[in-house]
Colleague: 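Quick one: the structure is below, questions incoming.
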Amino acid sequence: MSRTLGQPIIVENKPGASGTLAAEYVANAPADGTILWLGTQAFTEINPNAFPHVLAPVDELMRALATLDAKKDS
């Protein structure tokens with residue numbers, strides 16, 4: 001990706017609060033396109049009120065299947 005964009009790519013993990021701290025960091029960053037957030041659809045689509053009108057999807061990177069599980073003997 002660095003070769004394609006012609007600039008270094010730095011990955012910085014920002015753990016905490018199920019992604020809220022990382023999303024807040026991106027939401028408060030300058031709007032210059034250099035800071036991106038890789039998060040889950042659960043955060044941006046199920047809880048859109050967390051950062052309304054601040055974060056916008058750029059691209060869908062993958063589709064993940066969700067399962068509904070229960071204990072085997074229940």
Side-chain angles (χ1 to χ4, degrees):
M1 191 147 105
S2 292
R3 201 173 306 143
T4 302
L5 296 174
Q7 61 183 7
I9 303 296
I10 299 168
V11 176
E12 184 176 348
N13 291 319
K14 296 245 178 229
S18 299
T20 303
L21 297 180
E24 184 176 48
Y25 177 79
V26 174
N28 292 319
D32 58 9
T34 61
I35 298 178
L36 303 172
W37 177 58
L38 178 60
T40 63
Q41 286 180 317
F43 188 87
T44 56
E45 293 179 16
I46 295 173
N47 188 14
N49 296 320
F51 295 95
H53 311 294
V54 177
L55 300 177
V58 175
D59 196 2
E60 183 178 74
L61 300 177
M62 66 185 116
R63 289 191 181 259
L65 298 175
T67 63
L68 180 61
D69 298 322
K71 190 174 175 182
K72 284 184 178 182
D73 59 352
S74 59

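What you see is a predicted model, and the numbers here were worked out from it, not measured in a lab. These values consider heavy atoms only, across backbone and side chains, with no hydrogens, waters or symmetry-generated copies.
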Colleague: Can you name the residues that form a side chain to side chain contact (heavy atoms under 4.5 Å, CB included) with Ile9, not counting sequence neighbours?
Modeller: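 For Ile9 the side chain to side chain contact (heavy atoms under 4.5 Å, CB included) partners, ignoring immediate neighbours, are Met1, Ser2, Leu5.
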Colleague: Applying salt bridge (charged side-chain N to carboxylate O under 4.0 Å, His left out), which residue pairs with at least one partner in residues 6-23 are found, sequence neighbours left out?
Modeller: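 Qualifying pairs, neighbours excluded: Glu12-Lys14.
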Colleague: Identify the heavy atoms of Ala23 and Trp37 that sit nearest to each other, and give their distance.
Modeller: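 So the two residues come closest at N-NE1, 3.9 Å.
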Colleague: The criterion is side chain to side chain donor-acceptor pair (under 3.5 Å); which residues satisfy it with Asp32, sequence neighbours excluded?
Modeller: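 Only Thr34 meet the side chain to side chain donor-acceptor pair (under 3.5 Å) criterion with Asp32.
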Colleague: Side chain to side chain donor-acceptor pair (under 3.5 Å) with Gln7: which residues, sequence neighbours excluded?
Modeller: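 Once residues adjacent in sequence are excluded, Gln7 has no partner under the side chain to side chain donor-acceptor pair (under 3.5 Å) criterion.
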Colleague: Run the side chain to side chain contact (heavy atoms under 4.5 Å, CB included) test against Leu21 and tell me which residues pass, sequence neighbours left out.
Modeller: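 With neighbours one apart ignored, the set is Ala17, Glu24.
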